[in-house]
Amino acid sequence: MRDFAQEIEQRKLAGLYRSRRLVSGPQQPTLVADGKALLSFCSNDYLGLANNPEIIGAMTSSLPDVGVGGAASHLVCGHHEAHHHLEQRLAMFTGRSAALFFSTGYMANLGVISALAGRGDTVFSDRLNHASIIDGCILSRAKVRRYPHGDVAALEAMLAATSGHKLVVTDGVFSMDGDIAPLRELARVCRCHDALLVVDDAHGLGVLGPQGRGSVAEAGLSEEEVPVLVGTLGKGIGTSGAFVAGSEVLIDYLVQKARTYIYTTAMPPALAVATCASLDVVERDGQRRSHLEGLIRKFRAGAQALGYELMPSRTPIQPIMIGDNWAALALSQSLEAQGVLVTAIRPPTVPEGEARLRVTLSAGHSERDVDLLLQALAKSRPILSGGGAGKPAI
Ligand SMILES: *Cc1c(COP(=O)(O)O)cnc(C)c1O
């Protein structure tokens with residue numbers, strides 16, 4: 001029998017052991033974690049909407065009308081008019097003909113990739129794609145070719161050398177690096193080589209593009225150019241769930257074939273109501289995005305002045321590159337001792353030797369919050385240069 005306890009012990013020795021913090025109260029920059037108030041820079045609530053009164057109000061006031069439970073899958077009797085309305089709203093928001101509401105982004109990617117590719121087909125996947133895309137590729141049973149991160153020329157060579165049905169899948173904004181995929185060029189090579197392009201815009205939605213319509217809208221790409229658009233609702237949009245947007249026939253096909261849509265209980269209708277309310281705020285409130293952009297610039301300038309290594313990112317995802325697992329943990333712990341929460345991201349979430357602190361900024365942060373983060377980073381800076389990265393207690 002496998003020795004689970006020993007495997008856990010090995011993880012601890014490698015600096016790879018993970019544990020959960022217990023949060024109380026709402027998700028917001030001042031987060032109560034394990035009973036301690038911390039200033040958090042690690043949520044994906046980029047627009048500060050997870051605890052927004054208007055959205056809470058919309059959800060609360062819908063509850064007497066729609067109840068709590070989803071009660072059944074969509075194809076049985078769970079497809080509520082609140083879900084239907086959200087799907088129309090999402091199609092409009094993304095400039096697509098239709099949309100399909102999934103329970104999570106993880107399930108959307110599993111469902112979409114396994115429905116659109118199968119045995120004998122080939123899926124081309126960026127090396128830094130999200131875990132849910134990797135798992136979707138495995139589940140599809142198609143042949144999987146990973147291409148070097150953002151390398152359209154390498155992808156094009158692979159596409160040219162492959163026959164049969166081809167699917168190309170990429171994150172819009174890469175979740176651990178914060179950079180944006182070369183979407184226009186990807187759309188071009190996919191068109192040239194008759195490959196279906198899937199873009200997962202989990203981190204671009206709400207943040208990038210006109211009125212927060214995402215990285216695909218920012219690149220000005222139509223439904224023909226990016227036929228399959230996946231978006232998640234638990235990040236910039238501040239609620240929960242995910243969707244796929246595209247042509248009517250694509251959505252109809254997914255209703256027939258996407259197993260993670262078919263064989264699961266519909267999300268609570270009240271959540272769909274809340275998400276519609278959130279989309280209203282996202283569209284209307286450009287102030288949130290411009291405030292966020294200011295915070296990103298401020299953070300980058302400050303952190304670089306302190307000698308920290310950042311990634312070429314203009315999104316709210318601003319990783320501080322460390323390399324060593326223990327050094328990343330030590331820096332994270334030193335910040336936490338100063339009341340600032342930034343989690344260390346280690347393999348296998350990122351490649352071996354690329355441990356980092358994943359700083360995420362939110363419109364919910366103030367300029368002063370970023371000042372506090374930079375002050376804490378200044379104090380902790382010697383950890384990286386002074387060999388102070390001995391193994392901390394876990
Ligand atoms: C977070 C994330 C997902 C998963 O979405 P959930 O709704 O959290 O399951 C999918 N793709 C990418 C790129 C992500 O960052």
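Numbering of ligands and ligand atoms starts at 1, following listing order. Quick caveat, the model's predicted, so the values are computed rather than measured.
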Of K166, E156, R188, the residue whose pairing with H193 passes side-chain hydrogen bond (donor to acceptor under 3.5 Å, both in side chains)
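It is E156, the one option of K166, E156, R188 that forms the side-chain hydrogen bond (donor to acceptor under 3.5 Å, both in side chains) with H193.
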Does R146 make a cation-pi contact with F124 (under 6.0 Å, within 45 degrees of the axis)?
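No.
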Determine whether the aromatic ring centres of F174 and H203 lie less than 6.0 Å apart.
no
Identify, by atom number and element, the atoms of ligand 1 in contact range of [X], meaning under 4.0 Å from any of its heavy atoms.
| X | result |
| --- | --- |
| N109 | 10 (C), 11 (N) |
| S132 | 10 (C), 11 (N) |
| S175 | 15 (O) |
| H203 | 14 (C), 15 (O) |
| Y106 | 4 (C), 5 (O), 6 (P), 9 (O) |
| T104 | 7 (O), 9 (O) |

Taking side chain as C-beta onward, heavy atoms only, is [X] less than 4.5 Å from [Y]?
| X | Y | result |
| --- | --- | --- |
| V273 | M59 | no |
| E283 | L279 | no |
| S362 | Y46 | no |

Side chain, backbone, both or neither: A242 near ligand 1, heavy atoms under 4.0 Å:
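The answer is neither.
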Quick one: look at T232 and ligand 1, take heavy-atom pairs under 4.0 Å, and tell me if it's side chain, backbone, both or neither.
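The part of T232 near ligand 1 is the side chain, not the backbone.
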Close N or O approach ([X], ligand 1; < 3.5 Å):
| X | result |
| --- | --- |
| D171 | no |
| G105 | yes |
| K235 | yes |

Return all side-chain donor-acceptor pairs below 3.5 angstrom for residues 103-118, not counting sequence neighbours, or 'none' if the list is empty.
| from | atom 1 | to | atom 2 | distance (Å) |
| --- | --- | --- | --- | --- |
| T104 | OG1 | Y106 | N | 3.4 |
| T104 | OG1 | M107 | N | 3.0 |
| Y106 | OH | D135 | OD2 | 2.5 |
| N109 | ND2 | S132 | OG | 2.9 |
| N109 | ND2 | D200 | OD2 | 2.9 |
| S114 | OG | L110 | O | 2.6 |
| S114 | OG | G111 | O | 3.4 |

At what distance is the nearest protein heavy atom to atom 11 (N) of ligand 1, and which residue and atom is it?
D200 OD2, 2.5 Å
Side-chain donor-acceptor distances from residues 335-345 under 3.5 Å, at least two apart:
| from | atom 1 | to | atom 2 | distance (Å) |
| --- | --- | --- | --- | --- |
| E336 | OE1 | R21 | NH1 | 3.1 |
| E336 | OE1 | R21 | NH2 | 3.2 |
| E336 | OE2 | R21 | NH1 | 3.1 |
| E336 | OE2 | K36 | NZ | 3.3 |
| Q338 | NE2 | S334 | O | 3.3 |
| Q338 | NE2 | A376 | O | 3.3 |
| Q338 | NE2 | S380 | OG | 2.9 |

